[in-house]
Every structure is written in structure tokens, then in C-alpha cells.
Amino acid sequence: MKTIDIVVPCYNEEEVLPLFVKETNEVIATIPDYKFRYIFVNDGSKDKTLEVLRSHAAQFANIKYISFSRNFGKEAAMYAGLKATTADYVIVMDA
């Protein structure tokens with residue numbers, strides 16, 4: 001089975017993350033023969049993004065996250081996510 005990692009840089013995304021996970025899970029459930037994993041990168045968010053990511057990671061085995069100590073920018077978050085992938089394919093998405 002081929003694997004796909006979805007790298008998602010996050011900055012102050014607490015309100016949209018639950019909807020993002022719900023909607024993308026519905027889509028990936030319709031794609032057979034691929035195993036999906038999320039790699040969220042918290043880019044020093046000032047809201048409760050990290051708390052939401054922790055909760056989702058505890059709830060779903062296919063969700064991992066990286067958290068920066070401060071905001072380094074979207075490109076750094078994407079790079080960290082790309083460095084953390086082990087999948088056959090990678091998708092970078094905004095939440």
C-alpha cells in the first residue's frame with residue numbers, strides 16, 4: 001500500500017482545524033489503496049492551535065504534529081514537515 005503524508009503548516013488555526021480534519025478525512029476515506037497521515041506544523045501560534053493538535057493526535061493515529069517555539073514563517077513550517085515525512089508521496093496544504 002502506498003503512503004501519502006499531508007503536511008499542514010498552522011498559524012492561529014484553532015477554529016478551522018476540526019473542520020479541516022473532518023472534511024479531509026471524508027475525502028481520503030474514498031481513496032482506496034493509499035494510507036494517509038497528517039503532519040501538522042504549529043508555527044508558534046498564539047491561540048489554542050497546539051491544544052487542538054494535541055487533542056487530535058490523541059484521537060487519531062494518523063495525526064502527528066511538530067510545534068515551533070515561536071513563529072518562523074510558513075516556509076520553515078513546510079520545510080520541517082517535509083523533513084518529517086517518510087511517505088511515498090507528500091501533499092502540502094493550508095488549513
Side-chain angles (χ1 to χ4, degrees):
M1 179 176 294
K2 295 285 187 179
T3 57
I4 299 176
D5 282 347
I6 303 171
V7 174
V8 186
C10 300
Y11 183 72
N12 296 336
E13 305 284 356
E14 77 172 289
E15 291 183 19
V16 298
L17 284 176
L19 180 62
F20 176 83
V21 170
K22 177 186 174 296
E23 294 295 325
T24 54
N25 274 339
E26 288 179 11
V27 172
I28 65 177
T30 67
I31 303 172
D33 303 323
Y34 289 90
K35 182 177 177 183
F36 288 82
R37 177 175 69 161
Y38 297 93
I39 301 175
F40 290 97
V41 182
N42 178 37
D43 189 19
S45 296
K46 297 181 190 310
D47 64 358
K48 294 182 181 174
T49 296
L50 182 56
E51 291 175 33
V52 173
L53 292 176
R54 285 182 179 143
S55 173
H56 277 77
Q59 193 174 11
F60 300 101
N62 69 331
I63 293 183
K64 308 295 179 206
Y65 67 90
I66 299 166
S67 186
F68 289 168
S69 60
R70 65 173 181 84
N71 182 265
F72 287 94
K74 182 178 179 179
E75 291 77 12
M78 286 189 304
Y79 183 68
L82 291 170
K83 292 284 286 183
T85 64
T86 57
D88 297 307
Y89 305 100
V90 179
I91 299 169
V92 178
M93 292 182 73
D94 287 339

A.B. asks: Do V7 and I91 make a side-chain contact, defined as non-hydrogen atoms from C-beta onward lying under 4.5 Å apart?
C.D. replies: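 With C-beta onward as the side chain, the pair stays apart.
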A.B. asks: Are the side chains of F60 and N25 in touch, meaning some heavy atoms are under 4.5 Å apart?
C.D. replies: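 In short, these two side chains touch, coming nearer than 4.5 Å.
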A.B. asks: Do the charged groups of R70 and D43 touch, with an N to O distance under 4.0 Å?
C.D. replies: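 D43 and R70: not salt-bridged.
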A.B. asks: Where do L53 and I63 land on the side-chain contact (heavy atoms from CB on, under 4.5 Å) test, with the steps shown first?
C.D. replies: CA-CA 8 Å; L53 292 176; I63 293 183; 5.6 Å; no
A.B. asks: Can a donor-acceptor pair be found, under 3.5 Å and without considering hydrogens, that links the side chain of D5 to the backbone of F36?
C.D. replies: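 Not a single qualifying donor-acceptor pair exists.
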A.B. asks: On a heavy-atom basis, which atom in P18 and which in H56 lie closest, and how many Å separate them?
C.D. replies: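 Minimum heavy-atom separation between P18 and H56: CA-NE2, 3.8 Å.
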A.B. asks: For the side chain of D47 and the backbone of E14, is there at least one donor-acceptor N/O pair under 3.5 Å apart?
C.D. replies: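 Checked: pair present.
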A.B. asks: What is the minimum heavy-atom distance between T49 and C10, and which atoms define it?
C.D. replies: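 Nearest pair, atom of T49 first, then C10: CG2-CB, 4.0 Å.
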A.B. asks: Looking only at non-hydrogen atoms, find the nearest pair between N42 and S67 and report the distance.
C.D. replies: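 N42 and S67 have their closest heavy atoms at ND2-OG, 3.1 Å.
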A.B. asks: How are the rings of F40 and Y38 set relative to one another: parallel (under 30°), tilted (30 to 60°) or perpendicular (over 60°)?
C.D. replies: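 Aromatic pair F40/Y38 classed parallel.
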A.B. asks: What is the minimum heavy-atom distance between Y34 and M1, and which atoms define it?
C.D. replies: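 For Y34 versus M1, the nearest heavy atoms are C-SD, 3.8 Å.
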A.B. asks: Side chain of T3, backbone of D88: donor and acceptor closer than 3.5 Å?
C.D. replies: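 Confirmed, T3 side chain pairs with D88 backbone.
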